[in-house]
J.: 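So that we are looking at the same thing, I have put the structure below in structure tokens.
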Amino acid sequence: MLDIKLLRKDPESVRAALDKRKEDFDLDDFLKLDHQRREWLYEVEQLKNKQNEASKQIPVMKKEGKDASGLLEEMKHLSGQIKALDLKVREVDQEIEKIMLTIPNIPDESVPVGDTDDDNVEIRRWGERRVFDFEPKAHWDIGENLGVLDFAAAAKVTGARFTFYKGSGARLERALINFFLDTHTEKNGYTEVFPPFMVHRNSMVGTGQLPKFEEDAFKVHDTDYFLIPTAEVPVTNMYRDQILDGSQLPIKHVAYSACFRAEAGSAGRDTRGLIRQHQFNKVELVKFVAPENSYDELETLTGDAEEVLKLLGIPYRVVKICTGDLGFTAAMKYDLEVWMPSYNRYVEISSCSNFEDFQARRAGIKYRKNPKDKAQFVHTLNGSGVAVGRTVACILENYQNEDGSVVIPEVLRGYMGNKEIIKKGS
RNA sequence: GGAGAGGUGUCCGAGCGGUUUAAGGAGCUGGUCUUGAAAACCAGUGACUCGAAAGAGCCGUGAGUUCGAAUCUCACCCUCUCCGCCA
């Protein structure tokens, strides 16, 4: 959520920012409503003041044995006026809230202006893309041939966009989760969290998935719960409505969770393999930081995510997302993209974002720099560290041999019973 | 799921329709005393939201009753105890 004061004071700058995002948004409605609200609010507060004064007088009069019935009658009338006005204020409040919740974040100055992902800017590359002396296969073929992935069984049991991992495939998934968690806790200083996989509506609003993107989420029938689309939601909301002590910052958490996405609007895209699933595993990094550090913290967070790719020996690139492709909540975002031979291009495996105070304002997360200072909003950041299923896909493709076997990256071998290679039936 | 108890300021805790602008502690800040510290004593300090201010709101959340609600009514949420069920 944006600062309502900014919208009042400088609507033009907000308009310009929305424009850069290619968002078509009518701020005039908001400004009109806000003006109306302030008028009514002033009016009702005046009346309430009168009421409060009378409420002090009435007991005094009664005590003194005076007749208060005239005043009471007057107050009865006033009370009705207050109720009517209060109702109007409440209604306009709700409308304003509704609008506020659907205005996206303002991109940072440094974000490249652009329309689509074609306008994203590559920042750096790491690793050598492997040159194959045979025709590399796609991970779904490799996985099925090895008997470690079973898409058909999942389709039978559940439906499209689900997968069974079997044998070494299941173990590889588990190994990666542990490897990511261990690296981020032991080397990068994050505190591990294991969150609930369902959250209520307010939490989804707090991190910005709702109210705008409800069709992307799975709702649990007959409850107010949603399956989490990312651990970002429970972990960020862990500190909802709290004032943190400045000395606690930065707070850094890493969390494994399953993630559930309805993938509305992506029908027909990436239908094969592990790239786009309704359920997938992810290890997520979440930070709560002081505003003045948040862009430095974004760099280190991105670096932390990159580190696990480096350790796995996977070639990747870092891309800075342009204004037109930037997520609703982000002020700035880097994507990490890994090389996928079957796609013959880089594929997203992590998004690292600085939300500035956009989520903090929605979720009410503040801090005091010094114990006596006024509380102010923290900046929140998060990034995948990294998506597990896509990493499996990437390893299968980049580490495949001509005979269909797959070499296990060295750093994972300790997590896989010192196995070095995945062969058929193993 | 059933029965009961409860949710008040940073913390403990009083309050059960009107001088509550939330008692009293603790804590915190300053001071007196002391070689220093502790203790004791004195004074100050009450979050947060909107507002330029005046002022308004805020006692789990939301509705309601009333001229007036922390206090009464209803619904919901959460915590604790016991019972039942269960990985």
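A quick note: this is a predicted structure, and the numbers were derived from the prediction, not measured. A note on names: the letters A, B, ... follow the listed sequences, proteins ahead of strands, and every chain is numbered from 1.
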J.: Should B:rA40 form a Watson-Crick or G-U wobble pair with both distances under 3.5 Å, which nucleotide is its partner?
T.: B:rU32
J.: Find which nucleotide of RNA chain B each of A:V60 and A:M75 is nearest to by heavy atoms, and output the residue with the more 5' nucleotide.
T.: A:V60
J.: Separation of A:D241 atom CG from B:rG7 atom P, in whole Å?
T.: 21 Å
J.: Is A:E214 paired with A:R201 through a side-chain N to carboxylate O contact shorter than 4.0 Å?
T.: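 Yes, A:R201 and A:E214 are salt-bridged.
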J.: Distance check needed: B:rC76 C1' versus A:D224 CG, whole Å only.
T.: 11 Å
J.: Below 4.0 angstrom from OP1 or OP2 of B:rG57, is there any side-chain N or O of A:N52?
T.: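 For A:N52, the contact criterion (side-chain N or O under 4.0 Å from OP1 or OP2 of B:rG57) is met.
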J.: Give the rounded distance in Å between these two atoms: CG of A:D86 and P of B:rA69.
T.: 11 Å
J.: Using whole Å, what does the distance between atom P of nucleotide B:rG60 and atom CG of A:N202 come to?
T.: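 Rounded to whole Å, this separation is 18 Å.
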J.: For B:rC78 and B:rU10, measure between their P atoms and round to the nearest Å.
T.: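 One P to the other, the span is 23 Å.
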J.: For the pair A:K369 and A:E292, find out whether any cationic side-chain nitrogen is under 4.0 Å from an anionic carboxylate oxygen.
T.: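 Result for this pair is yes, salt bridge flagged.
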J.: Within this structure, what is the CG-to-C1' distance between A:L41 and B:rG57, rounded to whole angstrom?
T.: 9 Å
J.: Please measure how far the C1' atom in B:rA87 lies from the corresponding atom in B:rG4, and state the result in whole Å.
T.: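 The same atom, C1', in both gives a distance of 28 Å.
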J.: Charged N to carboxylate O under 4.0 angstrom, A:D86 versus A:K48?
T.: yes
J.: Is it true that A:R161 and A:E263 make a salt bridge, defined as a side-chain N closer than 4.0 Å to a carboxylate O?
T.: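 No, A:R161 and A:E263 are not salt-bridged.
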J.: Please state whether the phosphate of B:rC50, meaning OP1 or OP2, lies under 4.0 angstrom from any side-chain nitrogen or oxygen of A:K48.
T.: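 No, A:K48 has no side-chain N/O under 4.0 Å of OP1/OP2 on B:rC50.
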J.: Any donor and acceptor pair, going by atom type alone, linking the side chain of A:N105 with main-chain N or O of A:F355 inside 3.5 Å?
T.: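 Pair found, side chain donor or acceptor close to backbone of A:F355.
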J.: Tell me the interatomic distance from A:Q46, atom CD, to B:rG51, atom P, rounded to whole angstroms.
T.: 16 Å
J.: Tell me the partner of B:rG18, counting only Watson-Crick (N1-N3 plus N6-O4 or O6-N4) or G-U wobble (N1-O2 and O6-N3) with both under 3.5 Å; none if nothing fits.
T.: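 The answer is B:rC67, by the H-bond criterion.
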J.: Using the P atom in both, what is the distance from B:rU21 to B:rG13, to the nearest Å?
T.: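 That atom pair is separated by 24 Å.
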J.: Could you identify the nucleotide paired to B:rG84, looking across every strand shown and requiring Watson-Crick or G-U wobble geometry with both distances under 3.5 Å?
T.: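 The base-pairing partner of B:rG84, which may sit in any strand shown, does not exist here.
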J.: Rounding to the closest angstrom, what is the interatomic distance between B:rC59 and B:rA69 at atom P?
T.: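 After rounding to an integer number of Å, I get 11 Å for this pair.
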J.: Please give the nucleotide sitting opposite B:rU61 as a Watson-Crick or G-U wobble pair, both distances under 3.5 Å, or none.
T.: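 Pair assignment: B:rU61 / B:rA75.
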J.: So does A:N49 get a side-chain nitrogen or oxygen closer than 4.0 Å to the phosphate oxygens (OP1/OP2) of B:rG55?
T.: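 So the side-chain polar atoms of A:N49 never come under 4.0 Å of the phosphate oxygens OP1 or OP2 of B:rG55.
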J.: Give a yes or no on whether A:K50 atom NZ has more than 12 heavy-atom contacts from other residues, nucleotides or ligands under 6.0 Å away.
T.: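 No - once you tally the heavy atoms of other residues, nucleotides and ligands closer than 6.0 Å, there are 12 at most.
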J.: Given B:rG68, B:rC50, B:rA53, which nucleotide is nearest the side-chain atoms of A:Y42?
T.: B:rA53
J.: Can you tell me the base-pairing partner of B:rG24? Count Watson-Crick or G-U wobble geometry only, both distances below 3.5 Å, and say none if there is no partner.
T.: B:rC12
J.: On RNA chain B, check which nucleotide each of A:K56 and A:K5 is closest to and give me the residue with the more 5' one.
T.: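 Residue closer to the 5' terminus by nearest nucleotide: A:K56.
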J.: Could you give the distance separating B:rU71 and B:rG17 at their P atoms, to the nearest angstrom?
T.: 11 Å
J.: Taking any heavy-atom pair under 4.0 Å as a contact, classify A:Q51: base, sugar-phosphate, or nothing.
T.: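 The answer is sugar-phosphate, as A:Q51 gets under 4.0 Å only of primed atoms, P, OP1 or OP2.
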J.: Roughly how many Å apart are B:rA75 and B:rG68, using the C1' atom of each and rounding to a whole number?
T.: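 These two C1' atoms come out 24 Å apart once rounded.
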J.: Report the distance from atom CZ of A:R38 to atom P of B:rA53, rounded to the nearest whole Å.
T.: 12 Å
J.: Does the structure show a Watson-Crick or G-U wobble partner for B:rG55, both distances under 3.5 Å? Name it, or say none.
T.: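 Its partner is B:rC50.
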J.: Say you pick atom P in B:rC16 and the same atom in B:rC11; how far apart are they, in whole Å?
T.: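 Per the computed distance, 23 Å lies between those P atoms.
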J.: Could you tell me whether the phosphate oxygens of B:rC67, OP1 or OP2, come under 4.0 Å of any side-chain nitrogen or oxygen in A:K83?
T.: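 No, outside the criterion.
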J.: Run the salt-bridge test on A:R15 and A:D28 with the 4.0 Å N-O cut-off and return the result as yes or no.
T.: yes
J.: Send over the distance from A:L85 CG to B:rG57 C1', rounded to a whole Å.
T.: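 These atoms are roughly 15 Å apart.
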J.: Any side-chain N or O of A:K50 below 4.0 angstrom from OP1/OP2 of B:rA56?
T.: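 A:K50 to B:rA56 OP1/OP2: no side-chain N or O under 4.0 Å.
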J.: Looking at A:R90, does any N or O in its side chain come under 4.0 Å of the phosphate oxygens OP1/OP2 on B:rG62?
T.: no
J.: Phosphate oxygens OP1/OP2 of B:rU66: is one of them under 4.0 Å from a side-chain N or O of A:S79?
T.: no
J.: Tell me what A:K62 touches on the nucleic acid: a base, only sugar-phosphate, or nothing, going by heavy atoms under 4.0 Å.
T.: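 The answer is base, as A:K62 lies within the cut-off (heavy atoms under 4.0 Å) of a base atom.
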J.: Determine the Euclidean distance between corresponding C1' atoms of B:rG62 and B:rC12; express it in Å to zero decimal places.
T.: 29 Å
J.: If the cut-off is 4.0 Å, is A:R8 near the phosphate of B:rG51, judged by side-chain N/O to OP1 or OP2?
T.: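 Checking B:rG51 against A:R8, a side-chain N or O does come within under 4.0 Å of OP1 or OP2.
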J.: If only side-chain N and O atoms of A:R368 are considered, is one of them under 4.0 Å from the OP1 or OP2 phosphate oxygen of B:rC48?
T.: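 It does, given that an N or O in the side chain of A:R368 lies less than 4.0 Å from OP1 or OP2 of B:rC48.
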J.: What is the ring orientation for A:F218 with A:H278, classed by angle as parallel under 30°, tilted 30 to 60°, or perpendicular over 60°?
T.: perpendicular
